[in-house]
Number of protein chains: 2
Amino acid sequence: MTVPHISRADRRRATEARILDSARELFAERGFDRTTIRAVAAVAGVDPALVMQYFRSKRELFTQAVQVSPALPADTDGDALVDQLIATLGLNLGGLPDGMLAMMRSMLTDPAAADHARATLDRQIGSIGAALPEVEDPELRAALVITTMVGVTIGHQLLGLEALRDAPADRIATLLRPAFKALTEPPH
Amino acid sequence: MTVPHISRADRRRATEARILDSARELFAERGFDRTTIRAVAAVAGVDPALVMQYFRSKRELFTQAVQVSPALPADTDGDALVDQLIATLGLNLGGLPDGMLAMMRSMLTDPAAADHARATLDRQIGSIGAALPEVEDPELRAALVITTMVGVTIGHQLLGLEALRDAPADRIATLLRPAFKALTEPPH
DNA sequence: GTCTATAAGAGGATAGAC
DNA sequence: GTCTATCCTCTTATAGAC
């Protein structure tokens, strides 16, 4: 009977992953400052010192925890774009990955998270702006679309505003569609 | 020659106001957690212990610092509303009062600030929703308008996104107007 | 009334035992 | 490799001197 090959390296990776998951969860819930190494360790069921052993600092742990690909919008052009934006928003409202929530949660109070967020959002804005070639100020329009999504997501996921909490995601998407169209359309 | 009547009470009020201003400034810049009593005292040019003497705790200082009336939209109805929203946004982009910025800066990481923000935003949503009697889901639409303004304000004032930083406020307002109209209009 | 001194506690990081 | 013990810093808050 073959022994299952759970090497030390495997165990280590498993533990590391568990720590990372716990960290993401707590960072998403409380932000960078209020999340302690001790709390992360407690949730992961390990010793606090082990967390420091694996990741070298709290900052490093955070950096790795929020390292999630933000799913850049594929470069379709024109009308399909609005559909795609709405789809992305629907996903967002359905539940953003913890890594992304952690970044959003911390971006207003932690400078490093702010840099990360700025870079990510600027990239998305550039990408969307490039898909709007027929209008004036494509980048500005793209920025307004993205910040709208950020605002709605914050209101829904991070603040839990009454009027948004109960609303079904597809109803929100339906209402936002014409707004996005208006933002991305040339004046008629 | 009349002696200027600067009573002890007057001096005290002046000092208190200076502390409050410094606090607002720092809370708006760094958020609740990263603002220290010591830093507030330093900026105000007083002793840290004095800050504690006047306000009883850091929390109390914060509460008083963010106590700004959020300028509820007057209850006009229908089309004037969009104009008013745009005007408010224009003001926001021109520079929100520090008290408001402090609240926004902290609302994602400090539960008390989150409660305050939720209450304020819910109130504004209710007020705007009440001014949209002819459409379905007026509260949801109002929430989307408000969260859009929050998102744009965050991108502009708190994150300083490239594409928004350079844009003149009235250009932003012009682009957002049709989006707000779309959000507040019944389907045609 | 204002400041000095310090208590009290939290939390990140480290060294070394096992 | 994992945990114990501890260090060190920072910060709020308080007590008491001047």
S.K.: What is the nucleic acid contact for B/Tyr54, judged by heavy atoms within less than 4.0 Å: base, sugar-phosphate only, or nothing?
M.R.: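 The answer is sugar-phosphate, as B/Tyr54 gets under 4.0 Å only of primed atoms, P, OP1 or OP2.
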
S.K.: Listed by chain and number, what are the side-chain contact (heavy atoms from CB on, under 4.5 Å) partners of A/Gln67, not counting sequence neighbours?
M.R.: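 Once residues adjacent in sequence are excluded, the partners of A/Gln67 under the side-chain contact (heavy atoms from CB on, under 4.5 Å) criterion are A/Thr63, A/His116.
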
S.K.: Which of residues 57-66 of chain A have a heavy atom under 4.0 Å from DNA chain C?
M.R.: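 Output list: A/Ser57, A/Lys58.
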
S.K.: Let's see if you get this right: which residues in residues 102-112 of chain B place a heavy atom under 4.0 Å from DNA chain C?
M.R.: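 DNA chain C contact set from residues 102-112 of chain B: none.
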
S.K.: Sequence neighbours left out, what passes side chain to side chain donor-acceptor pair (under 3.5 Å) with A/Glu60? Give chain and number order.
M.R.: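 Partners of A/Glu60 under the side chain to side chain donor-acceptor pair (under 3.5 Å) test: A/Gln64.
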
S.K.: Under the side-chain contact (heavy atoms from CB on, under 4.5 Å) test, which residues partner B/Glu185, sequence neighbours left out?
M.R.: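 Result, side-chain contact (heavy atoms from CB on, under 4.5 Å) vs B/Glu185: B/Lys181.
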
S.K.: Looking only at atom types and distance, does a side-chain atom of B/Arg24 sit under 3.5 Å from a main-chain N or O of B/Gly99, one as donor and one as acceptor?
M.R.: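 Not a single qualifying donor-acceptor pair exists.
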
S.K.: Would the distance check show the side chain of A/Ser127 and the main-chain N or O of A/Arg123 forming a donor-acceptor pair, the cut-off being under 3.5 Å?
M.R.: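 A pair under 3.5 Å: no.
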
S.K.: Taking the six-membered ring of B/Phe27 (Phe, Tyr or Trp), confirm whether the NZ or CZ of B/Arg105 is under 6.0 Å from its centre and within 45° of its axis.
M.R.: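 Because its charged atom misses either the 6.0 Å distance or the 45° angle limit, B/Arg105 does not stack over B/Phe27.
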
S.K.: Considering residues at least two apart in sequence or located in another chain, which fulfil the side chain to side chain donor-acceptor pair (under 3.5 Å) criterion with B/Arg177?
M.R.: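 Expected list: B/Asp83.
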
S.K.: Donor-acceptor check, side chain of B/Arg118 to backbone of A/Leu159, threshold 3.5 angstrom: yes or no?
M.R.: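 Yes: the side chain of B/Arg118 pairs with the backbone of A/Leu159.
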
S.K.: Between A/Phe32 and A/Gln53, who's closer to the 5' end of DNA chain C by nearest nucleotide?
M.R.: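 By nearest-heavy-atom nucleotide position, the 5'-most residue is A/Phe32.
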
S.K.: Under a criterion of less than 4.0 angstrom to any heavy atom of chain B, what are the 5'-terminal and 3'-terminal contacting nucleotides of DNA chain C?
M.R.: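 Here the contact window of chain B covers C/dG1 to C/dT4.
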
S.K.: What do the steps show when you test A/Val150 against B/Val152 for side-chain contact (heavy atoms from CB on, under 4.5 Å), and what is the final call?
M.R.: CA-CA 8 Å; A/Val150 167; B/Val152 173; over 6 Å; no

S.K.: I'd like to know whether B/Val145 forms a side-chain contact (heavy atoms from CB on, under 4.5 Å) with B/Thr148, so could you lay out the CA-CA distance, the side-chain angles of the two residues, the decisive distance to 0.1 Å, and finally the verdict.
M.R.: CA-CA 5 Å; B/Val145 169; B/Thr148 294; 5.7 Å; no

S.K.: Mind checking what makes side chain to side chain donor-acceptor pair (under 3.5 Å) contact with B/Asp33, not counting sequence neighbours?
M.R.: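 Side chain to side chain donor-acceptor pair (under 3.5 Å) list for B/Asp33, sorted by chain: A/Arg34.
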
S.K.: Can any side-chain N or O of A/Gln157 pair as donor or acceptor with the backbone N or O of A/Leu93 at less than 3.5 Å?
M.R.: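 Checked: pair present.
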
S.K.: Check each residue of residues 33-49 of chain A for a non-hydrogen atom within less than 4.0 Å of any atom in DNA chain D, then write out the ones that pass by number, or none.
M.R.: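 Only A/Asp47, A/Ala49 qualify.
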
S.K.: Could you work out, with side chain to side chain donor-acceptor pair (under 3.5 Å) as the rule, every residue matching A/Arg13, not counting sequence neighbours?
M.R.: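 Testing A/Arg13 for side chain to side chain donor-acceptor pair (under 3.5 Å), a comparison that skips the adjacent residues, returns A/Asp10.
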
S.K.: Rounding to 10 degrees, work out the angle separating the end axes of the helix from C/dG1-D/dC18 to C/dC18-D/dG1 (five pairs an end).
M.R.: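 Taking five pairs per end, the axes differ by 10°.
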
S.K.: Can you tell me which residue pairs pass the side-chain hydrogen bond (donor to acceptor under 3.5 Å, both in side chains) test with a partner in residues 161-176 of chain B, sequence neighbours excluded?
M.R.: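 Counting only pairs at least two positions apart or across chains, the side-chain hydrogen bond (donor to acceptor under 3.5 Å, both in side chains) contacts touching residues 161-176 of chain B are A/Asp137-B/Arg171.
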
S.K.: Would you compute the distance between atom CZ of A/Arg141 and atom CG of B/Leu176 and round it to the nearest 0.5 angstrom?
M.R.: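 Here the rounded value is 10.5 Å.
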
